[in-house]
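Read through the structure below, which is laid out as structure tokens, and then see the notes.
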Amino acid sequence: MTKKIFAILIALVMGFTFVVSASADTYMHVADNANKLSSSEHEELENIAIKLENAYGICVMICIADETTGMYDDAYAEWIYTGNTDNENGIILLHNDGENTYAVFTSGNADEMFDDETIAEMRDAYDSNDSYYGGIYDYYQVAEEYLEKAYYGSDASDEPVITIGETEEKDGVAFIWL
């Protein structure tokens, strides 16, 4: 009898361990490698990015780094993107704060949705704000505008998907869920 109980306990512990390790495989949309954001700011911006990805199927990331560990900015941006998401459709803006340089990496369908002019506008929105939080927030707002136009066409509504503190998303099913 005690062997059965012991076996059941071991099975429960092992099952719980596998569940915890599977849920630990999370991805980051806001990579603050320079520690410029508070934990609450980071969490709020991460939630905005997740909502955008769920609504439009495109991963929109940003990375702030003090250095790129000897890599070129373009290669570092691609490395951060591929290491933090499994979505093949996306974009990342890298701000190398130490060198004050920028790099962009796009993948999959994001290449079609974000042309050079759009990327420049997103970067300008990020760069024109005095705070890192405000800049990233503005970056996501511009990204949302272009995703809205790409997703719904020219008849896009003026009502944004993302607002601070709001948890609802647009009606309908995003392509990623199909």
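Because the structure is a prediction, the values reported are computed rather than measured.
Tyr137 and Glu41 are not linked by any side-chain donor-acceptor pair at a separation below 3.5 angstrom, with hydrogens and angles left out of the test. Between Asn33 and Tyr76, the side chains place a donor N or O and an acceptor N or O closer than 3.5 Å (distance only, hydrogens not considered). Asn87 and Glu53 share a side-chain donor-acceptor pair at under 3.5 Å.
Residue Thr106 is tested with Asp111, Asn89, Asp115 for a side chain to side chain donor-acceptor pair (under 3.5 Å); the sole match is Asp111. With Ile136 as the fixed residue, the side-chain contact (heavy atoms from CB on, under 4.5 Å) test singles out one of Ile48, Asp32, Ile64: Ile64.
For the pair Leu147 and Glu144, the minimum side-chain heavy-atom distance is 4.5 Å or more. Annotation: side chain of Thr118 is not in contact with side chain of Arg123 (no heavy-atom distance under 4.5 Å). When side chains are defined from C-beta on, Tyr56 does not count as touching Asn109, because their heavy atoms never get closer than 4.5 Å. By the 4.5 Å heavy-atom criterion applied to side chains, His29 and Ile62 are not counted as neighbours.
Remark: Asp138 CG to Glu121 CD distance equals 11.0 Å, nearest 0.5 Å. The CG atom of Leu94 lies 10.0 Å from the CG atom of Asp97; values are rounded to the nearest 0.5 Å. Distance SG/Cys63 to CD1/Ile92: 5.5 Å, rounded to 0.5 Å. In this structure, CD in Glu43 is found 9.5 Å from OG in Ser38, a value given to the nearest 0.5 Å. To the nearest 0.5 Å, atoms OG1 (Thr68) and CG (Asn96) are separated by 5.0 Å. For the atom pair Glu44 CD and Leu37 CG, the distance stands at 10.5 Å (nearest 0.5 Å).
Linking Ile, Leu, Val, Met, Phe, Trp and Tyr whenever their side-chain heavy atoms come within less than 4.5 Å puts Tyr102 and Tyr133 in one cluster. No single ILVMFWY cluster, assembled from side-chain heavy atoms under 4.5 Å apart, contains both Leu45 and Ile80. At a threshold of 4.5 Å between side-chain heavy atoms, the hydrophobic network of Ile, Leu, Val, Met, Phe, Trp and Tyr places Ile58 and Val142 in one connected group. When hydrophobic clusters are built by joining Ile, Leu, Val, Met, Phe, Trp and Tyr residues whose side-chain heavy atoms come closer than 4.5 Å, directly or via intermediates, Tyr72 is not grouped with Phe105. Phe114 and Tyr140 fall within a single hydrophobic cluster, where Ile, Leu, Val, Met, Phe, Trp and Tyr are joined by side-chain heavy atoms under 4.5 Å apart, directly or via other members.
Nearest heavy-atom pair, Ile91 versus Met122, reported as atom, atom and distance to 0.1 Å: CD1-CE, 4.3 Å. Taking both residues in full, the closest heavy atoms of Ala110 and Gly90 are given as CB-O, 3.1 Å, listed atom of the first, atom of the second, then distance. Across Ala34 and Asp66, no two heavy atoms sit closer than the pair CB-OD1, 3.4 Å.
Looking only at distances, a side-chain donor or acceptor of Ser128 sits under 3.5 Å from a matching main-chain atom of Asp124. The closest donor-acceptor contact from the side chain of Tyr139 to the backbone of Met61 lies under 3.5 Å.
The aromatic rings of Tyr132 and Tyr126 sit tilted relative to each other, their planes meeting at an angle between 30° and 60°.
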(request) Might you work through the side-chain contact (heavy atoms from CB on, under 4.5 Å) test for Tyr146 and Met113, ending with a clear yes or no? (result) CA-CA 7 Å; Tyr146 283 95; Met113 294 181 179; over 6 Å; no
